[in-house]
Structure formats: structure tokens, C-alpha cells
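To keep things clear, I will list the structure first and then write my remarks on it.
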Amino acid sequence: PQLGGHLRMHPEDFPASASHQGKPGFQTARDLARDVAKNPRITILNPASAVGGYEGGLLGVTMGQQFIHVRASQLVVATGCYEYPNLFQNNDLPGIMLGGGVRKLLNLYGVKPGNNAVVVAADEEGLGLALELTRADINVTAVIDERPHANGSAAAAELKRLHIPHLLSSVPVAAQGRKRIQSLSVAPVAEGISPKFDEPKTFDCDLVCLASNRAPSLELLRQNGGTVRFDAALNQMIPDALPPNIHVAGALTGFQDLSIHLMQGRIAGLKAADCIQPLESTRSDELKKLQAQVKEEQDRYRAARTPRHF
């Protein structure tokens, strides 16, 4: 495994508010990984997994055949989230893939996973994946969006410009095919009501990208005394009360926005450093400024979300 996580799979540039503005995600990941590797005060354990959190800041870490005890006074948890598939008939046919897997094949390995795709989405991340597929010369026959509206989304406007059908308030109900996916049936759904199975639409495809459901990797956080709660706007569990020595950043917070992730990571690092030794005034001012910026960005992200009730 290489440092950089899901940033390595993102070709788009960061917006002007990001700390690495003007560079695509994979370049940002490369720059950050290089800076970490060059820092003599940072020890990298790779490939390694933190498998347990115990009293007194003790972490159990496996690396190959070794089991390592790591004692930390401050812990930054940035374990990301998992995608999981939508529930519908024949959702395990070959050619039905999670959105992250499709993005990894496209942008990390240069593999074209199909020729005609249907994308199932519930946020801007899913719409962005549909646009990435079109840029890779994959025909997107439809985007199935669980939301009732897209709140003036720039990605939705681009789909409209490209004449790609964007079906709102819709969900997949059945996949057809024998050895692999050949078509996908979708149905409209109203708030609080089951899909209208008697009003399906069917789209021919050899690839279905499921990019709507995520669950955060909160196991390590909870083992170390943190609590979680469900956030309706973000449609997932998120960290709630945190012990004073625990800091969080990234996709496990429920925000699927690379700029927010970078700011959260910077804030978590500064707060952890401040707990060990008080920050000098310039760093303290930077922390306050970043906290104000990330709150503004998170509020804007929330305002653009539509809570799902079905």
C-alpha cells in the first residue's frame, strides 16, 4: 500500500480554497507522501493495520508477522469509510461494482471496466464519477439519483449539457443478465414510500456503478472511547463525543469533499500538537483561521444535501 489513500484516485483539481490549489488529487497525494517520507521525525509503518485501541493510548498494530505496541498521547483517526451496495434483485451480477472500485480501475490502473454504464448516486461524488466515466470514453446511459433534487449542482448541469439522463428520486430495483449485467431496471420513489415497481424504466448497460451508500470506519474511534450518532443530512453515522486525546479527519466525518478533508487533517494535526506543547502564536492563529474556514465549508456542504427518508 502507498500513502495517499483515496486521493490517489482523484484526477480533478482542488478548488481555490484548498491548501494545494491548482493540483489534482493524485498530485496532492504524491506531494504529501513525499513530505512525510522526508520528515525525520515521522516513522512510517507500512504495510500495517491498527487492529485495536486500548487504555492509556495503547494501539495494537499488525505489520506482516509482527504485532507492535504503539503508545500515543494523541491519536488522529482518519480511517475513511466503506462503500456498500444497494439492495435490489440480482445486485451481485458481474459488472455491478462499487463506485470506489470503478474509480480505482480507471484512475489508478488505467483499466476500462465497461463500455456502457449506469451510475447510481446520492450526492455530488456519484455525479462526479459519471463525468469521469464520460471523460474516459465510457458511455453513461443514465445516472440514477436517490435525491429529489440536485440543489443547483454544477455536476448535474454538466450532465444535462452532455444529454445524459439524470433521474431524480429513483432507485435500482432489478438487474438483468446471465453471465454479466446486461440491463438495469429502476423505479421512481417518493419520500416515505416504497419504489413504484409498476413504473420501471430499463437501461441497457454492461457496467453499473453503485456510488450512493457509505459507512464510516469508526471501530478504532469507538474502541478508544469515542461515541457516534446518525446524521440525517449526511446519511451516515458520524463521530460525536471525542476523548480529549482523539482527533478525527477525512471521510469518516461524513463529508465527501477533498478540500474539507485536507483542512480537517491540518486542523487535527495542529490540535494534537497543541495538546502536547502549546502552539506558537502564528500556528495558533492558523488553527483558528482553519477552524472558521472548515466550518463555513461544512455548512455549505450540508446546505446542499437533501436528507433521505426511504
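Within 6.0 Å of atom CZ in Arg222, 12 or fewer heavy atoms from other residues, nucleotides or ligands are found, so the atom counts as exposed in its surroundings. Atom NZ of Lys112 sits in a crowded spot, with more than 12 heavy atoms from other residues, nucleotides or ligands closer than 6.0 Å. Other residues, nucleotides and ligands place more than 12 heavy atoms under 6.0 Å from the CZ atom of Arg300. Atom OH of Tyr109 has 12 or fewer neighbouring heavy atoms from other residues, nucleotides or ligands inside a 6.0 Å radius. Ile42 CD1: more than 12 foreign heavy atoms inside a 6.0 Å radius.
A donor-acceptor pair under 3.5 Å is absent between the side-chain atoms of Gln264 and the main chain of Ala249, judged by distance alone. Checking side-chain atoms of Asp145 against main-chain N and O of Leu167 turns up no donor-acceptor pair under 3.5 Å. The closest donor-acceptor contact from the side chain of Asp206 to the backbone of Gly114 lies at 3.5 Å or more, if one exists at all. Ser183 places no side-chain N or O within 3.5 Å of a backbone atom of Phe203 that could act as its donor or acceptor partner. Listed for the Arg147 side chain is no donor-acceptor partner under 3.5 Å among the backbone atoms of Ser169. Listed for the Tyr301 side chain is a donor-acceptor partner under 3.5 Å among the backbone atoms of Gln256. At distances below 3.5 Å, not a single donor-acceptor pair connects side-chain atoms of Ser153 with backbone N or O atoms of Ala150. With hydrogens and angles disregarded, no donor-acceptor distance shorter than 3.5 Å links the side chain of Asn90 to the backbone of Leu93. Checking side-chain atoms of Glu297 against main-chain N and O of Ser259 turns up no donor-acceptor pair under 3.5 Å. Put simply, the side chain of Ser170 gets close to the backbone of Leu168: a donor and an acceptor are under 3.5 Å apart.
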Please determine whether side chain to side chain contact (heavy atoms under 4.5 Å, CB included) holds for the pair His166 and Leu127, giving the CA-CA distance in whole Å, both sets of side-chain angles, and the decisive distance to 0.1 Å. CA-CA 9 Å; His166 181 199; Leu127 303 192; 3.8 Å; yes

After noting the C-alpha distance and the side-chain angles of Thr141 and Asp204, does the key distance pass the side chain to side chain contact (heavy atoms under 4.5 Å, CB included) rule? CA-CA 8 Å; Thr141 58; Asp204 292 337; over 6 Å; no

Could you walk me through whether Arg8 and Arg30 pass the side chain to side chain contact (heavy atoms under 4.5 Å, CB included) test, one step at a time? CA-CA 8 Å; Arg8 298 165 57 227; Arg30 190 179 304 160; over 6 Å; no

Determine, step by step, whether Asp299 and Lys295 satisfy the salt bridge (Lys or Arg N to Asp or Glu O under 4.0 Å) criterion, reporting the C-alpha distance in whole Å, the side-chain angles of both residues, the deciding distance to 0.1 Å, and the verdict. CA-CA 6 Å; Asp299 289 345; Lys295 183 181 185 305; 2.9 Å; yes

Walk me through whether Leu3 and Ile44 qualify under side chain to side chain contact (heavy atoms under 4.5 Å, CB included). CA-CA 9 Å; Leu3 296 180; Ile44 302 173; 3.9 Å; yes

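Comment: Arg103 engages Glu125 in a salt bridge, judged by a side-chain N to carboxylate O separation of less than 4.0 angstrom. Between Glu286 and Arg283 there is a salt bridge, with a side-chain nitrogen of the basic residue lying less than 4.0 Å from a carboxylate oxygen of the acidic one. Salt-bridge formation is detected for the pair Asp231/Arg229: a Lys NZ or Arg NE/NH1/NH2 atom is positioned less than 4.0 Å from an Asp or Glu carboxylate oxygen.
For the residue pair Ala272 and Gln74, the shortest heavy atom distance occurs at O-CG, 3.6 Å. What you find for Leu207 and Pro113 is that their closest heavy atoms are CD2-CG, 3.8 Å. Here the shortest heavy-atom pairing between Ile138 and Ala117 reads CG2-CB, 4.0 Å.
Between Asn139 and Asn116, the side chains place a donor N or O and an acceptor N or O closer than 3.5 Å (distance only, hydrogens not considered). A donor and an acceptor atom, one from each side chain of Asn86 and Ser212, are located under 3.5 Å apart. No hydrogens or angles considered: a donor-acceptor pair under 3.5 Å links the side chains of Glu219 and Ser217.
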